[in-house]
Amino acid sequence: MSETLQAADVDAPEAPEEAAETRSGSSEDLLVQEGDIAGDYLERLLDLLDYDGDIDLDVEAGRAIVSIDGGDDLEKLVGPRGTVLESLQELTRLAVQQETGVRSRLMLDIAGWRAGRRAELAELGRTTAQKVLATGEKVRLHPMTPFERKVVHDAVAAVDGVHSESEGEEPQRRVVVLPKP
(Lines give C-alpha, C1' and ligand atoms only; values in the text may rest on other atoms or scores of the structure.)
Protein backbone atom coordinates (compact mmCIF):
# COMPACT_ATOMS: atom_id res chain seq x y z
CA MET A 1 0.00 0.00 0.00
CA SER A 2 2.80 2.45 0.77
CA GLU A 3 4.34 1.74 -2.66
CA THR A 4 1.08 2.78 -4.30
CA LEU A 5 1.02 6.06 -2.34
CA GLN A 6 4.62 6.83 -3.25
CA ALA A 7 4.02 6.15 -6.92
CA ALA A 8 0.94 8.36 -6.92
CA ASP A 9 2.90 11.21 -5.26
CA VAL A 10 5.65 11.25 -7.89
CA ASP A 11 5.03 13.42 -10.95
CA ALA A 12 5.99 12.24 -14.39
CA PRO A 13 9.30 13.78 -15.49
CA GLU A 14 8.94 16.92 -17.58
CA ALA A 15 10.53 17.40 -20.96
CA PRO A 16 13.70 19.59 -20.65
CA GLU A 17 12.10 22.60 -22.36
CA GLU A 18 9.02 22.35 -20.10
CA ALA A 19 11.26 22.21 -17.02
CA ALA A 20 13.12 25.33 -18.20
CA GLU A 21 9.84 27.18 -18.78
CA THR A 22 8.61 26.18 -15.32
CA ARG A 23 11.83 27.36 -13.68
CA SER A 24 11.94 30.68 -15.55
CA GLY A 25 8.21 31.23 -15.01
CA SER A 26 8.50 30.52 -11.31
CA SER A 27 11.57 32.76 -11.12
CA GLU A 28 9.61 35.58 -12.76
CA ASP A 29 6.70 34.88 -10.39
CA LEU A 30 9.05 35.13 -7.38
CA LEU A 31 10.34 38.49 -8.61
CA VAL A 32 6.78 39.74 -9.09
CA GLN A 33 6.01 38.54 -5.55
CA GLU A 34 9.09 40.44 -4.27
CA GLY A 35 7.87 43.57 -6.03
CA ASP A 36 4.38 43.20 -4.54
CA ILE A 37 5.75 42.76 -1.01
CA ALA A 38 8.10 45.72 -1.48
CA GLY A 39 5.27 47.84 -2.88
CA ASP A 40 3.06 47.07 0.14
CA TYR A 41 5.91 47.85 2.54
CA LEU A 42 6.69 51.16 0.82
CA GLU A 43 2.99 52.07 0.59
CA ARG A 44 2.74 51.72 4.38
CA LEU A 45 5.88 53.82 4.80
CA LEU A 46 4.50 56.60 2.59
CA ASP A 47 1.22 56.52 4.53
CA LEU A 48 3.09 56.82 7.85
CA LEU A 49 5.08 59.78 6.55
CA ASP A 50 1.99 61.29 4.91
CA TYR A 51 3.89 61.53 1.59
CA ASP A 52 2.26 61.22 -1.81
CA GLY A 53 3.77 58.97 -4.42
CA ASP A 54 2.91 56.44 -7.08
CA ILE A 55 4.57 53.04 -6.78
CA ASP A 56 5.49 51.22 -9.98
CA LEU A 57 6.63 47.59 -10.01
CA ASP A 58 8.63 45.95 -12.78
CA VAL A 59 10.96 43.02 -13.41
CA GLU A 60 14.11 43.76 -15.36
CA ALA A 61 17.38 41.86 -15.85
CA GLY A 62 16.48 39.23 -13.27
CA ARG A 63 15.57 41.59 -10.46
CA ALA A 64 12.49 43.33 -9.13
CA ILE A 65 12.48 47.08 -9.76
CA VAL A 66 10.35 49.32 -7.56
CA SER A 67 9.96 53.03 -8.37
CA ILE A 68 8.24 55.77 -6.40
CA ASP A 69 7.36 58.93 -8.31
CA GLY A 70 5.05 61.91 -8.19
CA GLY A 71 5.21 63.31 -4.67
CA ASP A 72 6.64 66.68 -3.66
CA ASP A 73 8.43 65.32 -0.56
CA LEU A 74 10.11 62.35 -2.24
CA GLU A 75 13.47 64.13 -2.57
CA LYS A 76 13.76 63.80 1.21
CA LEU A 77 13.65 60.02 0.78
CA VAL A 78 16.66 60.19 -1.55
CA GLY A 79 18.96 62.18 0.73
CA PRO A 80 22.40 63.53 -0.09
CA ARG A 81 24.06 61.42 -2.82
CA GLY A 82 21.29 58.83 -2.43
CA THR A 83 22.24 57.78 1.10
CA VAL A 84 18.66 57.68 2.38
CA LEU A 85 17.57 55.86 -0.79
CA GLU A 86 20.26 53.19 -0.24
CA SER A 87 19.09 52.71 3.35
CA LEU A 88 15.43 52.47 2.30
CA GLN A 89 16.37 49.95 -0.38
CA GLU A 90 18.11 47.78 2.22
CA LEU A 91 15.16 48.02 4.63
CA THR A 92 12.80 47.09 1.79
CA ARG A 93 14.99 44.12 0.88
CA LEU A 94 14.90 42.99 4.52
CA ALA A 95 11.09 43.29 4.59
CA VAL A 96 10.90 41.10 1.48
CA GLN A 97 13.35 38.59 2.97
CA GLN A 98 11.36 38.43 6.19
CA GLU A 99 8.24 37.49 4.24
CA THR A 100 9.78 35.18 1.62
CA GLY A 101 12.76 33.73 3.48
CA VAL A 102 14.94 34.55 0.44
CA ARG A 103 17.51 37.38 0.15
CA SER A 104 16.20 39.97 -2.29
CA ARG A 105 18.21 41.87 -4.92
CA LEU A 106 15.43 44.35 -5.67
CA MET A 107 16.33 47.81 -6.86
CA LEU A 108 14.54 50.87 -5.50
CA ASP A 109 14.38 54.22 -7.29
CA ILE A 110 12.75 57.32 -5.88
CA ALA A 111 11.84 60.42 -7.88
CA GLY A 112 13.96 59.16 -10.79
CA TRP A 113 17.18 59.77 -8.83
CA ARG A 114 18.78 56.43 -9.68
CA ALA A 115 17.99 56.82 -13.38
CA GLY A 116 19.55 60.30 -13.42
CA ARG A 117 22.57 59.08 -11.48
CA ARG A 118 23.01 56.22 -13.96
CA ALA A 119 23.29 58.75 -16.82
CA GLU A 120 25.83 60.86 -14.88
CA LEU A 121 27.95 57.82 -14.04
CA ALA A 122 27.87 56.48 -17.60
CA GLU A 123 29.17 59.85 -18.79
CA LEU A 124 31.86 59.81 -16.07
CA GLY A 125 32.92 56.33 -17.19
CA ARG A 126 33.11 57.38 -20.87
CA THR A 127 35.04 60.61 -20.24
CA THR A 128 37.44 58.90 -17.84
CA ALA A 129 38.07 56.13 -20.38
CA GLN A 130 38.79 58.76 -23.07
CA LYS A 131 41.19 60.55 -20.70
CA VAL A 132 43.04 57.30 -19.98
CA LEU A 133 43.27 56.58 -23.72
CA ALA A 134 44.68 60.06 -24.37
CA THR A 135 47.22 60.12 -21.51
CA GLY A 136 48.05 56.44 -21.06
CA GLU A 137 47.80 57.01 -17.29
CA LYS A 138 45.45 55.12 -14.98
CA VAL A 139 42.74 57.09 -13.17
CA ARG A 140 41.28 56.27 -9.74
CA LEU A 141 37.73 57.51 -9.21
CA HIS A 142 36.17 58.46 -5.89
CA PRO A 143 34.58 55.69 -3.73
CA MET A 144 31.22 54.47 -5.00
CA THR A 145 28.40 52.13 -4.11
CA PRO A 146 28.18 48.77 -5.92
CA PHE A 147 25.40 50.16 -8.15
CA GLU A 148 27.55 53.15 -9.11
CA ARG A 149 30.64 51.03 -9.80
CA LYS A 150 28.67 48.67 -12.06
CA VAL A 151 27.42 51.56 -14.20
CA VAL A 152 30.96 52.94 -14.55
CA HIS A 153 32.44 49.50 -15.36
CA ASP A 154 29.79 49.01 -18.07
CA ALA A 155 30.54 52.42 -19.61
CA VAL A 156 34.31 51.81 -19.58
CA ALA A 157 33.84 48.35 -21.15
CA ALA A 158 32.22 50.03 -24.18
CA VAL A 159 35.47 51.92 -24.95
CA ASP A 160 38.20 50.02 -26.81
CA GLY A 161 41.73 50.22 -25.43
CA VAL A 162 40.89 50.55 -21.72
CA HIS A 163 39.54 48.39 -18.92
CA SER A 164 38.45 48.95 -15.34
CA GLU A 165 38.86 47.23 -11.99
CA SER A 166 37.55 47.82 -8.50
CA GLU A 167 39.96 48.24 -5.62
CA GLY A 168 39.68 48.79 -1.89
CA GLU A 169 37.21 47.70 0.76
CA GLU A 170 33.68 48.95 1.33
CA PRO A 171 32.78 51.76 1.86
CA GLN A 172 35.97 53.08 0.22
CA ARG A 173 35.83 50.73 -2.80
CA ARG A 174 36.50 52.58 -6.05
CA VAL A 175 36.85 52.08 -9.80
CA VAL A 176 40.28 52.31 -11.41
CA VAL A 177 40.41 52.83 -15.19
CA LEU A 178 43.58 51.57 -16.90
CA PRO A 179 44.94 51.38 -20.43
CA LYS A 180 44.94 47.87 -21.88
CA PRO A 181 48.46 46.47 -22.12
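For this chain, numbers begin at 1 and follow the sequence in order.
Arg126 meets the salt bridge (charged side-chain N to carboxylate O under 4.0 Å, His left out) test with Glu123; sequence neighbours excluded. Take Arg140 and apply the side-chain hydrogen bond (donor to acceptor under 3.5 Å, both in side chains) test, not counting sequence neighbours, and it matches Glu167. Under the side-chain hydrogen bond (donor to acceptor under 3.5 Å, both in side chains) criterion, Glu75 pairs with no residue at all, not counting sequence neighbours. Remark: Thr145 engages Glu148 in a side-chain hydrogen bond (donor to acceptor under 3.5 Å, both in side chains) (not counting sequence neighbours). Residues passing the side chain to side chain contact (heavy atoms under 4.5 Å, CB included) test with Leu57, sequence neighbours excluded: Asp36, Ile55, Val66.
One finds a salt bridge joining Lys150 and Asp154 here, because a Lys/Arg side-chain nitrogen approaches an Asp/Glu carboxylate oxygen to under 4.0 Å. Looking at Lys76 and Asp73, a side-chain N of the basic residue comes within less than 4.0 Å of a carboxylate O on the acidic one, giving a salt bridge.
Side-chain contact between Leu42 and Ile68: present, with at least one pair of heavy atoms (C-beta onward) separated by less than 4.5 Å. Val175 is not listed as a side-chain neighbour of Val139, based on a closest heavy-atom distance of 4.5 Å or more. Using a 4.5 Å cut-off on side-chain heavy atoms (C-beta onward), Glu43 and Leu45 make no contact. Side-chain contact between Leu91 and Tyr41 is present, with heavy atoms from C-beta onward closer than 4.5 Å. Considering only heavy atoms from C-beta on, Glu170 comes within 4.5 Å of Pro146 through its side chain.
When the shell of 6.0 Å around CG of Asp160 is examined, it contains 12 or fewer heavy atoms from other residues, nucleotides or ligands. More than 12 heavy atoms of other residues, nucleotides or ligands shown are found within 6.0 angstrom of CD on Gln97. Other residues, nucleotides and ligands place more than 12 heavy atoms under 6.0 Å from the CD atom of Glu86.
Taken together through direct or relayed side-chain contacts under 4.5 Å among Ile, Leu, Val, Met, Phe, Trp and Tyr, Val162 and Leu141 form part of one hydrophobic cluster. Leu85 and Leu49 fall within a single hydrophobic cluster, where Ile, Leu, Val, Met, Phe, Trp and Tyr side chains are chained together by heavy-atom contacts under 4.5 Å. Hydrophobic clustering (ILVMFWY, side-chain heavy atoms < 4.5 Å, transitive): Val152 and Trp113 are in distinct clusters. Leu106 and Phe147 are not part of a single hydrophobic cluster, where members link through side-chain heavy atoms under 4.5 Å apart. No chain of hydrophobic side-chain contacts below 4.5 Å, direct or via other Ile, Leu, Val, Met, Phe, Trp or Tyr residues, connects Met144 to Val176.
Note: Arg93 CZ to Arg105 CZ = 8.0 Å, rounded to the nearest 0.5 Å. Distance check: Leu30 CG to Thr100 OG1 gives 8.0 Å after rounding to the nearest 0.5 Å. Between atom CG of residue Asp54 and atom CG of residue Leu46 there is a gap of 9.5 Å, rounded to the nearest 0.5 Å. Taking CG from Leu124 and OG1 from Thr127, the interatomic distance works out to 5.0 Å, rounded to the nearest 0.5 Å.
Smallest separation of non-hydrogen atoms from Leu88 and Leu77: CD1-O, 3.7 Å. Across all non-hydrogen atoms, the minimal contact from Val132 to Leu178 is CG1-C, 3.7 Å. Closest non-hydrogen pair, Arg81 versus Pro143, comes out as NH2-O, 4.1 Å. Nearest heavy-atom pair, Ala155 versus Gly125, reported as atom, atom and distance to 0.1 Å: CB-CA, 4.0 Å. Among all heavy-atom pairs drawn from Ser164 and His153, the shortest one is OG-ND1, 2.5 Å. When every heavy atom of Gly112 is checked against every heavy atom of Asp69, the shortest pair comes out as N-OD1, 3.4 Å.
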Leu133 and Val159: side-chain contact (heavy atoms from CB on, under 4.5 Å), yes or no, with the steps?
-> CA-CA 9 Å; Leu133 272 177; Val159 178; 3.7 Å; yes
Take Leu108 and Ile110 through the test side-chain contact (heavy atoms from CB on, under 4.5 Å) and record every step on the way to the result.
-> CA-CA 7 Å; Leu108 175 62; Ile110 298 175; 4.2 Å; yes
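Within the hydrophobic cluster formed by Ile, Leu, Val, Met, Phe, Trp and Tyr side chains joined at under 4.5 Å, directly or through other members, Val59 is accompanied by Leu31, Val32.
Using a 3.5 Å distance cut-off with no hydrogens or angles, the side chains of Ser104 and Glu34 do pair a donor with an acceptor. Arg114 and Gln89 share a side-chain donor-acceptor pair at under 3.5 Å.
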